[in-house]
Amino acid sequence: MRCLILNYIKSLFSRPKKSKKQSLVETTELQSSTNVEHFVPNKADVHSGEKKKRHSKSHQQAIPAHILHKKFTVNASQFGIGLKNFPNNAISIVTKLQKSGYEAYIVGGCIRDLLLGYKAKDFDIATNARPEEIQKIFGRQCRLIGRRFRLAHIVYGREIYEVATFRAEHHSNANEKMSKTSDSGMLLRDNVYGTLREDAERRDFSVNALYYDVTHNLIFDFFNGIEDLKASRLSLIGDPVIRYQEDPVRMLRAVRFMAKLDMFLVRESDEPIRKMTHLLSHIPPARLFDESLKLLQSGYGLKTYELMRKYGLFEQLFPVLAPFFTEKSDSNTERMIVKALNSTDERIRDNLRVNPAFLFAALLWYPLREKIDELKNEGGLNSHDAMMLAANEILAQSAKSVALHRRYTSVIRDIWALQFQFPKRTGKRPHQTLEHIKFRAGFDLLVMRAEIEGGDLVELSAWWHEFQFSNENQRGDMLKNVKSIPTFRDEEPKKKRKPRRKFYRKKKSVSGNGNNQHQGS
């Protein structure tokens with residue numbers, strides 16, 4: 001019996017098995033016998049193929065840029081430009097990226113300004129390293145920002161250096177996370193990465209498409225930007241209509257560079273602007289606020305304003321002011337704009353601090369004044385309540401196009417409120433007004449109003465000028481001789497109230513003892 005069982009077990013082991021290996025061999029033989037044209041590669045094969053393509057492309061780009069683009073290079077030393085013109089931190093960022101195996105260049109406005117003989121301020125860096133790769137290199141020193149344009153900020157104490165990855169042309173099969181446009185053609189996302197040459201094509205103006213090679217002291221100039229600088233010519237790279245559609249802020253940048261660099265815009269880039277100003281309504285108000293500061297607080301605010309009016313751009317940023325514009329530009333609003341911008345330009349030239357809140361308080365003063373009068377006439381409100389409601393409405397309307405930060409709107413309200421306090425010069429009020437933290441800004445606006453309107457405001461501004469620089473005895477004498485004037489010219493000065501006479505009712509005599517008092521006592 002035992003022998004039978006052992007024989008049975010041996011027979012089980014001796015039977016041929018259908019192994020998996022045999023089936024794999026059969027399938028490979030089948031695939032090899034089929035025609036190559038009908039072969040469908042699997043995902044791994046596709047991935048490896050793409051990898052090979054990328055490898056071959058990177059191998060082509062392994063040729064150093066100063067050799068690959070030799071005909072577009074210019075020796076920086078012939079313009080007196082060298083490493084001494086750039087901060088050590090900017091050079092350090094470029095060097096660190098290069099040591100990690102990436103291309104890196106100092107790019108943009110700083111090169112342009114150095115070529116023009118100006119002092120360069122912003123030192124941006126362009127590289128073929130992706131934002132995530134930049135972060136790996138610099139660690140905690142780096143922070144990634146933005147969705148529309150993914151950027152890396154490298155922090156050195158209070159200094160921040162912007163590092164951008166080379167951009168490329170958009171293509172239809174790009175992922176929405178990489179590239180996205182609106183129906184009007186505006187770029188909502190631009191994270192398609194490319195090469196140095198492709199990045200130059202994505203820049204806005206030829207004078208900004210200049211790259212400085214730290215290692216070889218060369219300037220890459222792909223679109224004759226240096227020649228345009230010599231000719232004071234501002235030229236948009238590519239088709240102007242498409243470029244303005246992609247980013248309407250380029251129209252504002254064109255005006256800013258024209259004012260700052262004293263350049264003219266070529267006809268091809270100039271003509272489409274007037275027809276495309278409405279595209280600025282698609283730009284987020286927060287971004288337009290930042291752009292408005294660059295336009296009006298760069299030291300060339302008045303010239304920039306005149307150019308913006310010429311192209312119809314100013315009304316797009318400040319629609320609240322548009323109804324006050326006249327053909328001769330002689331309304332109080334327009335005169336205030338000119339005075340405020342001229343004052344801002346002078347302060348910047350003198351290296352004095354400027355506050356955006358004062359500028360906006362001045363620009364919006366006369367629209368506020370009209371709204372106050374409207375509310376007082378229609379609603380019968382007093383000056384204070386009308387001012388509060390009018391301020392809310394004017395600031396809310398302005399925020400639809402240019403989003404003012406809350407830290408500025410609170411200061412704007414203070415400056416406006418002080419205009420109502422200045423005419424009140426009795427008792428302790430002048431001392432309280434003088435101690436206000438925003439007195440100086442409020443006084444400056446009062447002086448501008450006096451220069452524009454004249455009349456009683458001239459005497460009022462002169463009084464406050466003397467009052468703030470006087471001692472206590474002199475201030476006491478000034479308060480005794482003060483003349484009451486209205487808050488606005490259309491108001492009547494308030495008449496002094498006569499002191500109310502007090503009438504005392506005679507108490508009725510109460511008969512009897514002290515316990516029987518009068519009911520009303």
Side-chain angles (χ1 to χ4, degrees), residues 248-249 251-252 255 277-297 301-302 304-344 355-379 381 383 385-420 441-442 445 448-449 452-453 488:
V249 170
M251 294 184 284
L252 299 177
V255 167
T277 55
H278 65 280
L279 293 177
L280 287 171
S281 61
H282 302 152
I283 302 297
R287 189 181 175 203
L288 286 182
F289 172 74
D290 294 335
E291 290 297 327
S292 69
L293 296 187
K294 293 176 185 176
L295 289 160
L296 305 178
Q297 291 196 327
L302 183 57
T304 305
Y305 161 71
E306 290 168 352
L307 286 169
M308 290 176 74
R309 287 289 302 275
K310 175 186 171 183
Y311 288 100
L313 293 165
F314 195 81
E315 294 85 343
Q316 298 296 324
L317 264 65
F318 301 98
V320 175
L321 298 173
F324 299 87
F325 292 159
T326 58
E327 289 183 8
K328 295 182 179 180
S329 300
D330 58 354
S331 67
N332 283 349
T333 300
E334 289 164 302
R335 290 167 67 192
M336 177 62 84
I337 293 170
V338 171
K339 281 193 175 295
L341 292 174
N342 194 36
S343 173
T344 302
N355 190 342
F358 174 79
L359 179 61
F360 283 94
L363 297 183
L364 299 172
W365 167 252
Y366 285 105
L368 174 82
R369 162 79 182 274
E370 183 168 289
K371 181 56 66 176
I372 289 171
D373 292 342
E374 185 183 318
L375 290 170
K376 286 170 70 176
N377 293 332
E378 292 180 359
L381 299 172
S383 294
D385 292 342
M387 194 276 289
M388 296 298 288
L389 288 173
N392 290 341
E393 191 167 334
I394 293 296
L395 291 173
Q397 287 178 13
S398 300
K400 290 178 182 177
S401 52
V402 175
L404 295 167
H405 297 172
R406 188 172 293 178
R407 67 177 180 271
Y408 296 133
T409 56
S410 61
V411 177
I412 291 169
R413 291 174 189 273
D414 286 343
I415 294 171
W416 285 343
L418 280 167
Q419 307 309 305
F420 293 83
L445 180 57
M448 287 183 182
R449 289 173 55 207
I452 292 168
E453 298 178 41
F488 293 129

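Numbering starts at 1 and runs along the sequence shown.
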From CA spacing to verdict: side chain to side chain contact (heavy atoms under 4.5 Å, CB included), Arg449, Ile452: CA-CA 5 Å; Arg449 289 173 55 207; Ile452 292 168; 5.9 Å; no

Residues Gln316, Leu279; criterion side chain to side chain contact (heavy atoms under 4.5 Å, CB included); working and verdict: CA-CA 9 Å; Gln316 298 296 324; Leu279 293 177; over 6 Å; no

Check against side chain to side chain contact (heavy atoms under 4.5 Å, CB included), Ile415 and Trp365: CA-CA 10 Å; Ile415 294 171; Trp365 167 252; over 6 Å; no

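Nearest heavy atom pair, residue Ile412 against residue Ala357, reads CG1-O, 3.4 Å. Of all the heavy atoms in Leu445 and Phe358, the pair that sits closest is N-CE1, 3.7 Å. Ser331 and Thr326 make their closest contact through N-OG1, 3.8 Å (heavy atoms, listed as atom of the first residue, atom of the second, distance). Shown here for Gly442 and Gln419, the closest heavy-atom pair between the two residues is O-NE2, 3.0 Å. For the pair Glu315 and Ala322, the tightest heavy-atom approach, listed with the atom from each and the gap, is CG-CB, 4.0 Å. Leu288 and Ser401 make their closest contact through CD1-O, 3.3 Å (heavy atoms, listed as atom of the first residue, atom of the second, distance).
From Leu293, atom CG reaches atom CG of Leu359 across 8.5 Å, with rounding to the nearest 0.5 Å. The CE atom of Met387 sits 9.5 Å away from the CG atom of Asn392 when rounded to the nearest 0.5 Å. Between Ile394 atom CD1 and Leu389 atom CG the span is 11.5 Å, to the nearest 0.5 Å. Atoms CD1 and CG, on Ile372 and Leu368 in that order, are 4.0 Å from each other to the nearest 0.5 Å. One distance of note links CD of Glu334 with CZ of Phe324; it measures 10.5 Å at 0.5 Å rounding. Atom CG of Leu280 and atom CZ of Arg287 lie 9.5 Å apart (nearest 0.5 Å).
At least one side-chain heavy atom of Phe314 sits under 4.5 Å from a side-chain heavy atom of Leu321. Leu313 places none of its side-chain heavy atoms less than 4.5 Å from the side chain of Leu295. Residues Ile337 and Leu302 are not in side-chain contact: their nearest non-hydrogen atoms beyond the backbone lie 4.5 Å or more apart. The shortest side-chain heavy-atom distance between Glu291 and Ile283 does not fall under the 4.5 Å cut-off. A 4.5 Å side-chain heavy-atom check between Met336 and Tyr366 finds at least one atom pair inside the cut-off. Contact check for Gln397 versus Pro319: no side-chain heavy atoms found under the 4.5 Å cut-off. Here the side chains of Thr344 and Leu296 are not in contact, with every heavy-atom distance at 4.5 Å or above. Inter-residue side-chain proximity for Ser292 and Phe360 is flagged as met; some heavy-atom pair is nearer than 4.5 Å.
A salt bridge links Arg369 with Asp373: at least one charged nitrogen is closer than 4.0 Å to a carboxylate oxygen. No salt bridge links Arg309 with Glu306; every basic N to acidic carboxylate O contact stays at or beyond 4.0 Å.
Between Tyr408 and His405, the ring-plane angle classifies as parallel under the 30° and 60° cut-offs.
In this structure, Glu370 places its CD atom where only 12 or fewer heavy-atom neighbours from other residues, nucleotides or ligands lie under 6.0 Å away.
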